[in-house]
Amino acid sequence: LKAAAKKIRDPYNPQTVYFPSGVYLVKGTLKVDRVSLRGNNAVIVQQDPEATTFDYINFWHASVKGLVFKGGKGHIAAVNDNLDKSLFFVENCKFFWCTGTALMTRKGAQSTLFTIEKSEFIHCIGSIDSDSDWTVIRDVWIMNNKDMKNSAVIVNRHGYMTVDNLLGVPLCNGQSQ
């Protein structure tokens with residue numbers, strides 16, 4: 001996948017890596033720098049239960065669209081060294097079965113507009129953990145993992161968060177939830 005990500009560039013936008021429909025196996029974390037990810041319902045399966053699939057280490061404007069993520073500790077983590085006015089968009093994605101948080105902006109991503117739209121989070125321990133100036137969650141479906149304990153599905157650590165049209169399906173086991 002690492003070699004493919006370097007070669008598969010969108011001919012109309014060289015800052016975009018396009019994943020055609022198919023299943024892509026990943027073991028470990030892929031560091032991503034200044035690139036957007038697009039797919040046609042491509043499924044990215046993380047085989048390492050302790051790894052986050054994509055770790056954005058630097059971006060000004062990035063987006064992730066049309067991908068399906070499965071497994072691992074997390075799917076996408078992002079930090080931008082507090083660059084001024086950064087944008088990070090997630091749209092039409094599906095996130096399944098992560099043992100940690102599916103989407104996360106870490107400390108240092110404060111000057112970021114973090115937008116999640118038209119996406120699904122199914123059986124993840126955590127769905128969204130934001131340390132951005134402004135987080136927008138719109139038209140999202142969240143079904144937590146029934147084994148979730150002492151944690152939240154959505155966490156806002158900094159700035160503003162707006163939520164529009166969220167469908168939450170709580171799965172409870174009756175213990176520490």
Side-chain angles (χ1 to χ4, degrees), residues 1-81 83-106 108-109 111-124 126-132 134-143 164-165:
L1 183 61
K2 290 178 186 178
K6 290 179 183 177
K7 293 179 182 177
I8 306 171
R9 296 285 183 170
D10 184 327
Y12 302 105
N13 183 355
Q15 294 304 105
T16 299
V17 175
Y18 178 74
F19 294 90
S21 184
V23 176
Y24 299 84
L25 303 178
V26 177
K27 189 164 187 172
T29 299
L30 301 172
K31 301 282 186 189
V32 183
D33 186 7
R34 296 185 181 106
V35 67
S36 291
L37 305 173
R38 301 268 189 285
N40 182 14
N41 288 317
V43 178
I44 299 173
V45 179
Q46 176 58 261
Q47 296 180 308
D48 182 347
E50 296 301 316
T52 296
T53 305
F54 289 103
D55 187 8
Y56 274 85
I57 53 174
N58 191 8
F59 65 92
W60 174 75
H61 181 268
S63 63
V64 179
K65 294 183 179 182
L67 294 172
V68 177
F69 296 89
K70 292 184 178 181
K73 186 173 184 178
H75 301 299
I76 299 170
V79 65
N80 69 348
D81 295 328
L83 297 173
D84 193 30
K85 301 176 187 161
S86 297
L87 305 170
F88 197 98
F89 296 99
V90 176
E91 185 178 357
N92 291 322
C93 289
K94 296 178 182 177
F95 302 91
F96 293 96
W97 296 103
C98 68
T99 60
T101 300
L103 294 178
M104 177 183 289
T105 56
R106 297 186 311 270
S111 295
T112 301
L113 170 58
F114 183 37
T115 304
I116 305 102
E117 293 184 321
K118 300 174 187 161
S119 294
E120 298 176 21
F121 298 83
I122 309 297
H123 298 294
C124 297
S127 296
I128 300 162
D129 187 334
S130 178
D131 201 354
S132 299
W134 189 5
T135 302
V136 176
I137 301 170
R138 186 178 303 125
D139 301 323
V140 168
W141 172 299
I142 296 176
M143 178 187 294
D164 296 314
N165 298 323

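Computation of the quantities below employed the complete heavy-atom set of this structure, encompassing side-chain atoms and omitting hydrogens, waters and symmetry-equivalent molecules. Numbers for residues simply follow the sequence, beginning at 1.
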Show me, pair by pair, the donor-acceptor contacts under 3.5 angstrom made by side chains of residues 63-76, not counting sequence neighbours?
| residue | atom | partner | partner atom | Å |
| --- | --- | --- | --- | --- |
| Ser63 | OG | Ser36 | OG | 3.4 |
| Ser63 | OG | Arg38 | NH1 | 2.5 |
| Ser63 | OG | Arg38 | NH2 | 3.0 |
| His75 | NE2 | Phe96 | O | 3.4 |

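Of all non-hydrogen atoms in Leu25 and Gln47, the two that sit nearest each other are CD1-NE2, 3.7 Å. Considering every non-hydrogen atom in both Thr101 and Leu103, the closest pair reads CG2-O, 3.3 Å. Heavy-atom minimum distance, Gly126 versus Cys98: O-SG, 4.1 Å. Residues Pro20 and Ala42 approach most closely at O-CB, 3.4 Å, considering heavy atoms.
Between the side chain of Gln46 and the main chain of Gly28, a donor-acceptor pair closer than 3.5 Å is present. Remark: the backbone N or O of Cys93 is paired with a side-chain donor or acceptor of Ser119 at under 3.5 angstrom. Although no hydrogens or angles enter the test, the distance criterion places no donor-acceptor pair under 3.5 Å between the side chain of Ser111 and the main chain of Ser86.
Residues that satisfy the side chain to side chain donor-acceptor pair (under 3.5 Å) test with Thr135, not counting sequence neighbours, are Ser130. Applying the side-chain contact (heavy atoms from CB on, under 4.5 Å) criterion to His61, with sequence neighbours excluded, gives Leu87, Phe89.
Remark: Ile142 CD1 to Glu120 CD distance equals 11.0 Å, nearest 0.5 Å. Rounded to the nearest 0.5 Å, atoms CG (Asp48) and OG1 (Thr53) are 9.0 Å apart. Separation of atoms CZ (Phe88) and OH (Tyr56) is listed at 4.5 Å; rounding is to 0.5 Å. To the nearest 0.5 Å, atom CG of residue Asn165 and atom CG of residue Asp139 are 4.5 Å apart.
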Verify side-chain contact (heavy atoms from CB on, under 4.5 Å) between Asp164 and Arg138, making sure each step is shown before the conclusion. CA-CA 5 Å; Asp164 296 314; Arg138 186 178 303 125; 4.2 Å; yes

Is there a side-chain contact (heavy atoms from CB on, under 4.5 Å) between Tyr18 and Asn40 once you walk through the steps? CA-CA 8 Å; Tyr18 178 74; Asn40 182 14; 3.2 Å; yes

Please assess Asp131 against Phe114 for the test side-chain contact (heavy atoms from CB on, under 4.5 Å), listing each intermediate value before the final yes or no. CA-CA 9 Å; Asp131 201 354; Phe114 183 37; over 6 Å; no

Could you go through the salt bridge (Lys or Arg N to Asp or Glu O under 4.0 Å) check for Lys31 and Asp55 one step at a time? CA-CA 5 Å; Lys31 301 282 186 189; Asp55 187 8; 2.9 Å; yes

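Evaluated for a side-chain contact (heavy atoms from CB on, under 4.5 Å) with Phe54, the options Thr29, Ile44, Val26 yield exactly one hit, Ile44.
Counting only heavy atoms from C-beta outward, the side chains of Phe95 and Ile116 never approach each other to under 4.5 Å.
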